[in-house]
Amino acid sequence: MLYKNKFMIAAPAALLLSGFATVSQAATLDDVQERGNLSCGVNVGLTGFSAPDEDGHWQGLDVEICRGVAAAVFGDASKTTFTPLTAKERFTALQSGEIDMLSRNTTWTATRDNSLGLNFTGVAFYDGQGFMLSKELGIDSLEQLDGASICIQAGTTHELNLADYFPSRNIDIRTVTFDTPDQTVKGFESGRCDVLTSDTSQLAALRLQLPDPGSVEILPELISKEPLGPVVRQGDDQWFDIVKWTLFAMINAEELGVTSENVDEMKANPPNPKVARLLGVEGSYGEQLGLSSDWAYQIVKDVGNYGEVFADNVGKNSPLDVERGLNALWTEGGLMYAPPVR
C-alpha cells in the first residue's frame with residue numbers, strides 16, 4: 001500500500017511539472033531584456049537578507065544577489081523589481097513564471113533540486129537550524145527541551161528537521177506553526193511557545209524585533225545543514241549560467257581584491273591576468289553568457305564583491321553583526337569558493 005501511495009503521489013507531480021514545461025523552456029534572458037527589468041522573488045521581510053526600509057527600498061544579502069544579476073544583464077542594478085513571497089508561495093511563483101529568479105533564504109535540498117523543475121545556482125550563505133529561547137529558562141542544551149513548545153514557519157525544511165531530530169532522541173516537543181517570520185516571532189514574543197527555531201541567521205534577525213533582544217539567547221547547537229542560494233527554473237541553461245556566474249563573479253572579485261571602490265582602477269590597470277579576465281579586459285567570457293564583456297565589472301561597480309555585500313547586510317557593518325564563519329573565503333578557512341573565470 002505504501003508503494004501504491006507513492007506512485008499515486010508521483011504521477012500528479014509529474015503532470016504538474018509538465019504544466020510548467022513551456023515556461024521553463026522560455027529564453028528568460030530575452031524576456032528580461034524585453035521587459036526592461038528583472039523580477040526577483042524575495043522574503044516578505046527578513047532583516048539582513050530581504051526587507052524594505054522605511055522608504056520602501058529593498059535591502060539585504062539576497063536582494064543584492066538579484067541586483068547583481070540586473071547589473072550583469074543591464075549594466076544597471078536598479079532595474080530590479082521585488083516580489084515578496086512566503087515560504088509556501090516561493091516555488092510556485094518561480095515555476096509559473098511570475099518571477100525570473102528566487103533569492104529568498106532557500107535551502108538547497110535533493111527534492112527541491114530534482115523534483116520541482118528548479119535548479120539551485122550556488123550557495124550564497126551557509127547556515128544551520130538553531131533554537132532561540134528566553135535566558136530565564138536556564139536551558140543550555142537541546143536535551144533539556146523535553147515537553148517544550150516550538151514556534152516554526154510552515155513550508156520550510158525546519159519542520160522536517162525537527163521530525164528527524166527529536167523523536168530519535170526520545171524528546172517530546174509540540175510545534176506551533178505560522179506562515180511568515182513576523183508571525184512566528186510574534187507568537188514567540190506572546191508566549192505561544194517556549195522556543196523559536198529557524199536558520200541561525202534568521203534567528204539573529206528576528207531577535208532584533210523583540211522588545212528586549214538581550215533577554216533571549218540562541219543555543220550553539222545546530223541540527224541541520226542549510227545551504228541557502230538563488231534558484232531558477234530548469235530548462236534554460238543560459239539563464240542558469242547567468243545567475244550562477246553572477247554569484248561566482250562576486251566571490252571571485254573578493255578573492256582577487258576587486259572592490260566597488262577600486263574596480264575602475266583595476267579595470268584600467270589589471271594587476272594580473274585573473275583580474276583582467278574577470279573584468280572583461282581579456283577574453284570573451286561575457287559574450288559566452290550572452291552579455292557584454294564588462295558584465296562582472298558592472299556587478300562589482302554597482303553592487304560590490306561578496307565580502308562587501310556580506311559586511312554591509314549581515315556582517316560587521318550591519319545590526320546583525322554575523323561572523324563570516326563558514327561564509328569566509330576558502331583562503332581564510334571558510335567554504336566560499338568559486339570556479340575561475342578563464
Side-chain angles (χ1 to χ4, degrees), residues 41-51 60-62 84-92 102-113 115-116 118 120 123-134 139 141-169 171-189 192-210 216-229 231 314 320 322 325-327:
V42 294
N43 199 302
V44 294
L46 179 60
T47 301
F49 289 87
S50 56
L61 178 65
D62 291 336
L85 299 166
T86 66
K88 289 182 177 179
E89 299 167 334
R90 55 187 166 176
F91 297 128
T92 302
L102 179 69
S103 185
R104 188 205 173 281
N105 59 302
T106 297
T107 302
W108 188 348
T109 69
T111 298
R112 291 173 174 179
D113 202 35
S115 67
L116 298 183
L118 306 176
F120 281 76
V123 179
F125 193 92
Y126 289 94
D127 211 339
Q129 184 172 345
F131 298 81
M132 182 169 69
L133 42 74
S134 171
I139 291 176
S141 170
L142 296 181
E143 299 296 326
Q144 298 171 272
L145 293 184
D146 192 47
S149 56
I150 301 179
C151 284
I152 190 169
Q153 186 179 349
T156 65
T157 56
H158 306 136
E159 295 177 287
L160 301 176
N161 294 336
L162 291 184
D164 282 348
Y165 185 85
F166 288 105
S168 66
R169 290 164 174 77
I171 300 174
D172 184 35
I173 62 166
R174 178 176 64 87
T175 59
V176 184
T177 306
F178 301 88
D179 286 334
T180 69
D182 282 347
Q183 292 173 358
T184 306
V185 74
K186 287 177 182 177
F188 174 71
E189 180 186 342
R192 292 190 60 186
C193 55
D194 306 305
V195 183
L196 194 160
T197 188
S198 186
D199 298 338
T200 56
S201 58
Q202 186 168 39
L203 292 178
L206 295 177
R207 177 165 57 182
L208 297 178
Q209 299 182 27
L210 297 173
V216 300
E217 62 182 341
I218 300 174
L219 296 180
E221 295 170 88
L222 302 178
I223 67 169
S224 70
K225 296 184 292 184
E226 305 291 334
L228 313 176
V231 193
V314 298
L320 297 184
V322 173
L326 295 177
N327 295 293

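Basis for what follows: all heavy atoms, side chains included, without hydrogens, waters or symmetry-related copies.
Taking 4.5 Å as the limit, every side-chain heavy atom of V195 sits out of range of all side-chain heavy atoms of C151. Looking at heavy atoms from C-beta onward, N43 lies out of side-chain contact with F49 at the 4.5 angstrom threshold. F166 is listed as a side-chain neighbour of L145, based on a closest heavy-atom distance under 4.5 Å. At a threshold of 4.5 Å between non-hydrogen side-chain atoms, the residues L206 and P181 count as touching.
Atoms OG and CG, on S134 and L196 in that order, are 12.5 Å from each other to the nearest 0.5 Å. Annotation: the span from F131 atom CZ to L219 atom CG amounts to 8.0 Å, rounded to 0.5 Å. Here the straight-line distance linking atom CZ of R174 with atom CD1 of I150 works out to 10.0 Å at 0.5 Å rounding. How far CD1 of I152 is from CG of N161: 8.0 Å, rounded to the nearest 0.5 Å. Put simply, CD on E226 and OG1 on T109 are 9.5 Å apart, with the number rounded to the nearest 0.5 Å.
Looking at D127, its side chain never comes within 3.5 Å of a backbone N or O of D199 through a donor-acceptor pair. A distance-only check finds no donor-acceptor pair linking the side chain of D172 to the backbone of D146 [under 3.5 Å]. For the pair D194 (side chain) and S149 (backbone), a donor-acceptor distance under 3.5 Å is present. In this structure a side-chain-to-backbone donor-acceptor pair under 3.5 Å is present from R90 to A87. Panel note: side chain T184, backbone F178; no donor-acceptor pair is recorded below 3.5 Å. In this structure a side-chain-to-backbone donor-acceptor pair under 3.5 Å is present from D62 to N105. At least one donor-acceptor pair under 3.5 Å links the side chain of R104 to the backbone N or O of L85.
When all heavy atoms of D179 and A154 are compared, the closest pair comes out as OD1-CB, 4.2 Å. Here the closest heavy-atom approach between residue L61 and residue A124 is recorded as CD2-O, 4.0 Å. Shown here for K225 and T107, the closest heavy-atom pair between the two residues is O-CG2, 4.3 Å. The heavy-atom pair separating L118 from R112 by the smallest distance is CB-O, 3.9 Å. Annotation for I218 and T200: closest pair CD1-O, 4.4 Å, computed over non-hydrogen atoms. Pairing each heavy atom of P167 with each of L162, the nearest pair is CD-O, 3.4 Å.
Residues T175 and E159 bring no donor and acceptor atom of their side chains to less than 3.5 Å of each other. Side-chain atoms of Q153 and S198 form no donor-acceptor pair, as typed in the model, at a separation below 3.5 Å.
Residues that satisfy the side chain to side chain contact (heavy atoms under 4.5 Å, CB included) test with L160, not counting sequence neighbours, are absent from this structure. Judged as a side chain to side chain contact (heavy atoms under 4.5 Å, CB included), and not counting sequence neighbours, the contacts of S141 are E143, Q144, E221. Looking at residues two or more places apart in sequence or on another chain, you find no ring-ring contact (aromatic ring centres under 6.0 Å, His included) involving F91.
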Exercise for review: Could you please spell out the steps behind the side-chain contact (heavy atoms from CB on, under 4.5 Å) verdict for Y165 and Q129?
Suggested key: CA-CA 11 Å; Y165 185 85; Q129 184 172 345; over 6 Å; no

Exercise for review: Go through I223 and L142 one step at a time and tell me if the side-chain contact (heavy atoms from CB on, under 4.5 Å) criterion holds.
Suggested key: CA-CA 10 Å; I223 67 169; L142 296 181; 3.5 Å; yes

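Classification of the W108-F120 ring pair by plane angle, with boundaries at 30° and 60°, yields parallel.
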